[in-house]
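The next block holds one structure in the form of structure tokens; read it before the comments.
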Amino acid sequence: MSLFELRDVSHFYRGVTRAALAGVTLDVERGSLLALLGPNGSGKSTLLRVMLGELEASSGSVMYAGRPSNERSRREVASEIAFVPQAESMAFPMTVRKLVEMGRYPHTGILGRMGSADREAVDLAMERAGVADLGGRSMGNLSGGERQRVRIARALAQQPKILVLDEPTAALDLHFAMETFELMSELTEEGSFTVVVATHNLNLAARYATQLILLCSGRIEASGLPSEVITAENIQRVYRWPVVVTSPADLGPRKGAPQVTPLSLGPDHKGR
Ligand code: ADP
Ligand code: MG
């Protein structure tokens, strides 16, 4: 049984005639690292929110663990699925450790006390996300990349079974983008933890993800293994830019993954 089963799912935002999602059918297997690709506005965030049950599908069905997702309680979702949204504003300044501790709320309740198991989960999450040294700092004066890692730590502190991230590496430098993909991959390696990530990082997705979905205008343009989805034809069509796709042999353990290089058009190119 798949963890998530979406069948012919469409979503229309209120007052918008164009579908943000149109006829999306997909299965997410437990233990997979699913990367959601697609240009800006292609429906990635909408699809994540429909999977999470934050948005209701306008038509079609969304099942989670064999049950319609709208039959799940908030508490059930919160204890199993951690979501790192694309961006969020903080209502008031808070220390890094306090923010990561918020990840424990589904377990302790908002007014609940942090026990030793909670503190351990927070320590471990901060360690794994590379923010153990930032505990006493205020969220307000961190760099964008540091803040992003703290939000990943908060999600891990929740000790979820599923981690859903919306463009987690957008603000991260090469080192931390790599660490984030290595971490997502490590989490899924023993087979029961599932990661769903929307990303613009085609090359890292091609190396680390076990399943790719390429969205364009709310529709699935391609899905499957990296070698099936990351082809020059698919990428050019969806991103409207010429590319070459190669399979470098020296990328470490994930050698052979398709890698995209966009072509420069040069001075002779007139308009597109
Ligand atoms: P992506 O995450 O791939 O950039 P989104 O899922 O955010 O794409 O958006 C898909 C489409 O839905 C876009 O056309 C976007 O403008 C539209 N959209 C997103 N959020 C809303 C909203 N709250 N109200 C109306 N339209 C929205
Ligand atoms: Mg988005």
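Whatever order the structure lists ligands and atoms in, that order sets their numbers, starting from 1. Side-chain atoms are counted along with the backbone in the values below, which use heavy atoms only and exclude waters and symmetry mates. One is the number of the first residue; the rest follow in order along the sequence.
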Inset, instruction - Report yes or no: does N40 have an N/O/S atom closer than 2.8 Å to the Mg ion (ligand 2)? - result: no

Legend entry - S45 N/O to ligand 1 N/O under 3.5 Å: yes

Inset, instruction - Can you see which heavy atom on S2 is nearest to which on D27, and at what distance? - result: OG-OD1, 3.0 Å

Inset, instruction - Please name the pair of heavy atoms, one in A22 and one in S10, separated by the smallest distance, quoted to 0.1 Å. - result: CA-OG, 3.6 Å

Inset, instruction - Could you tell me which non-hydrogen atom of Y239 sits nearest to which non-hydrogen atom of L202, and how far apart they are? - result: OH-CD2, 3.6 Å

Legend entry - In one Ile/Leu/Val/Met/Phe/Trp/Tyr side-chain cluster, 4.5 Å: V260, L263: no

Legend entry - Transitive ILVMFWY side-chain link I152 to L187, under 4.5 Å: yes

Legend entry - G43 N/O to ligand 1 N/O under 3.5 Å: yes

Inset, instruction - Using side-chain contact (heavy atoms from CB on, under 4.5 Å) as the criterion, point out the one residue from R119, Q158, Q159 that pairs with R104. - result: Q159

Inset, instruction - Could you list which atoms of ligand 1 come closer than 4.0 Å to a heavy atom of S42? - result: 1 (P), 3 (O), 8 (O)

Legend entry - R18 contact mode with ligand 1 (heavy-atom cut-off under 4.0 Å): side chain

Inset, instruction - Considering only non-hydrogen protein atoms, determine which one is nearest to atom 19 (C) of ligand 1 and report residue, atom name and distance to 0.1 Å. - result: Y13 CE1, 3.4 Å

Legend entry - Y105 ring center within less than 6.0 Å of H107 ring center: no

Inset, instruction - Give the numbers and elements of all ligand 1 atoms closer than 4.0 Å to a heavy atom of P39. - result: 3 (O)

Inset, instruction - Would you kindly confirm whether M63 and I162 end up in one hydrophobic cluster when ILVMFWY residues are joined by side chain heavy atoms under 4.5 Å apart? - result: no

Legend entry - Protein non-hydrogen atom below 4.0 angstrom of atom 21 (C) of ligand 1 present: yes

Legend entry - Candidate pair Q259 and T246, rule side chain to side chain donor-acceptor pair (under 3.5 Å), full reasoning: CA-CA 5 Å; Q259 297 287 289; T246 54; over 6 Å; no

Inset, instruction - For ligand 1, find out whether one of its N or O atoms is nearer than 3.5 Å to an N or O atom of G41. - result: yes

Legend entry - Numbered atoms of ligand 1 (with element) below 4.0 Å of V16, judged on heavy atoms: 25 (C), 26 (N)

Inset, instruction - Could you tell me whether A198 approaches ligand 1 through its side chain, its backbone, both or neither, with non-hydrogen atoms closer than 4.0 Å? - result: neither

Inset, instruction - Report yes if some N/O of N40 lies less than 3.5 Å from some N/O of ligand 1; otherwise report no. - result: no

Inset, instruction - For T46, take its heavy atoms, then give the atoms of ligand 1 lying under 4.0 Å from any of them. - result: 5 (P), 6 (O), 9 (O), 10 (C)

Inset, instruction - Scan the protein's non-hydrogen atoms and note whether one is under 4.0 Å from atom 16 (O) of ligand 1. - result: no

